[in-house]
Amino acid sequence: MSDDAVEVRDVVVRYGATTAVDGVSLTMPRGRVLALLGHNGAGKTSLLQVCEGFRAADGGECRVLGLDPIDEHDALMPRLGIMLQSGGMYPWATAGELLQLFASFSANPLSPAMLIERLGLQKIAKTRFRRLSGGEQQRLSLAVALVGRPELVFLDEPTAGMDTEARHTTWQLIEELRADGVSVLLTTHLLDEAERLADDVVIMREGKVAATGAPAELTAAAGIDLLEVRAEAGLRPDVPFKVTESTPGEYAISGALDAAAIAGVLAWFARAGAQVTAVNTRRRTLEDVYLALTAGKAGAHR
């Protein structure tokens, strides 16, 4: 297997008779951000546990930074940063104590004081973990994941519970990590977050990969789903798509519209002798693609 940040081949994870991950393969080059998407139960967490070395796969192969995450776990862990949604923290320790503790595990840590300032943790540095809000715990968990200068960071719902300012600070940090050559594998339910941050997206459904590619590739392949035409009022376009005239002379034509379909719609207006004064299109977003691939598919896998 190659020396990518993460390479997974035909990985299978089972819990008794339930197959949570069913022959998944993916490759994540170094220095990129990969967003792993899917409903709760799609198999994301189980796949991450294999990549992080917390459980062995029941089939297939996994290499992380060129190492086997189980057999070479001790050599791999100092090179990883792992941000979990919950757990793993001493509830009675303060935020500052926890960050200093995790910094002490690294031979060349980042400055805890810098991370505290950057993530807006100054006011809670002396607050015990158990008393932090969900968003504050998330910011501290992110700082803990980064303090050891990792080569690869796993971020599980990194902005869950954060306010808008903290979310944008986190996005900026992730972009800076990529610029510094750090690889980032994140899961998120915020599709705008994935579309902004990710170089590559993997969408999972029922334990399998449903789609993979750059966000722009996935949205371009999905095509245009809304054509807006401004012309004279009261027309009845005879086209094989849904047409609504929301305000007089403003026509919204919706459906799976490729270039030929758009040309056909505009040709109808030309044949009708209508003077078209404006044409706008709306390309499908990553959220549109995600919903189309996963609608009604929230499963029972982990």
Side-chain angles (χ1 to χ4, degrees), residues 33-42 157-172 174-175 186-206 209-299:
V33 176
L34 185 148
L36 185 63
L37 308 178
H39 285 306
N40 291 336
E157 301 289 340
T159 61
M162 290 186 184
D163 60 28
T164 300
E165 182 178 357
R167 181 176 297 116
H168 282 273
T169 297
T170 300
W171 289 356
Q172 186 177 3
I174 293 172
E175 289 167 344
L186 65 91
T187 67
T188 179
H189 284 96
L190 302 175
L191 279 299
D192 61 331
E193 181 169 271
E195 191 158 11
R196 167 173 172 162
L197 296 175
D199 298 298
D200 306 291
V201 170
V202 174
I203 299 175
M204 292 186 65
R205 182 181 65 182
E206 298 184 316
V209 173
T212 182
E217 293 172 343
L218 293 173
T219 55
I224 292 165
D225 64 354
L226 182 66
L227 175 67
E228 296 173 325
V229 178
R230 185 180 302 158
E232 61 198 68
L235 299 174
R236 296 182 180 276
D238 183 15
V239 294
F241 300 101
K242 181 181 179 182
V243 180
T244 57
E245 187 179 4
S246 53
T247 59
E250 300 282 347
Y251 299 93
I253 298 97
S254 56
L257 294 155
D258 57 17
I262 292 171
V265 170
L266 296 178
W268 183 92
F269 281 90
R271 289 194 303 271
Q275 183 178 0
V276 174
T277 58
V279 176
N280 293 301
T281 60
R282 188 181 81 86
R283 186 172 294 281
R284 294 183 184 181
T285 65
L286 183 60
E287 182 172 7
D288 295 326
V289 175
Y290 173 82
L291 291 174
L293 288 168
T294 62
K297 295 294 184 179

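Residue numbers start at 1 and run along the sequence shown.
Every salt bridge (charged side-chain N to carboxylate O under 4.0 Å, His left out) that E250 has, sequence neighbours left out, goes to R230. Applying the salt bridge (charged side-chain N to carboxylate O under 4.0 Å, His left out) test to D192 and every residue at least two apart in sequence or in another chain returns nothing. In this view, T188 and E193 satisfy the side-chain hydrogen bond (donor to acceptor under 3.5 Å, both in side chains) rule, not counting sequence neighbours. For H189, the side-chain hydrogen bond (donor to acceptor under 3.5 Å, both in side chains) test picks out N40, E157, with sequence neighbours left out. Qualifying salt bridge (charged side-chain N to carboxylate O under 4.0 Å, His left out) partners for R196, counting only residues two or more places apart in sequence or in other chains: E175. Partners of R282 under the side-chain contact (heavy atoms from CB on, under 4.5 Å) rule, at least two apart in sequence or in another chain, are D225, L226, T285, D288.
Taking CG of L293 as the reference point, atom CD1 of I203 lies at 5.0 Å (rounded to 0.5 Å). Annotation: the span from T277 atom OG1 to Q275 atom CD amounts to 7.0 Å, rounded to 0.5 Å.
In this structure, Y251 contributes its side chain and E232 its backbone to a donor-acceptor pair below 3.5 Å. Side chain of N280 to backbone of E228: no donor-acceptor contact under 3.5 angstrom is found.
When every heavy atom of L235 is checked against every heavy atom of E245, the shortest pair comes out as O-OE1, 4.3 Å. Scanning all heavy atoms of the two residues, the minimum distance from Y290 to G38 falls at OH-C, 3.1 Å. Smallest separation of non-hydrogen atoms from T159 and L190: OG1-CD1, 3.4 Å.
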Under 3.5 Å, which donor-acceptor pairs do the side chains of residues 211-221 form with other protein atoms, sequence neighbours left out?
from	atom 1	to	atom 2	distance (Å)
T212	OG1	V201	O	3.3
E217	OE1	A214	N	3.0
T219	OG1	P215	O	3.1
T219	OG1	A216	O	3.2

Distance-only criterion, 3.5 Å: show the donor-acceptor pairs between side-chain atoms of residues 253-274 and protein atoms not counting sequence neighbours.
from	atom 1	to	atom 2	distance (Å)
D258	OD1	A260	N	3.3
D258	OD1	A261	N	2.8

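Using a 4.5 Å heavy-atom cutoff, the side chains of L34 and L186 are not in contact.
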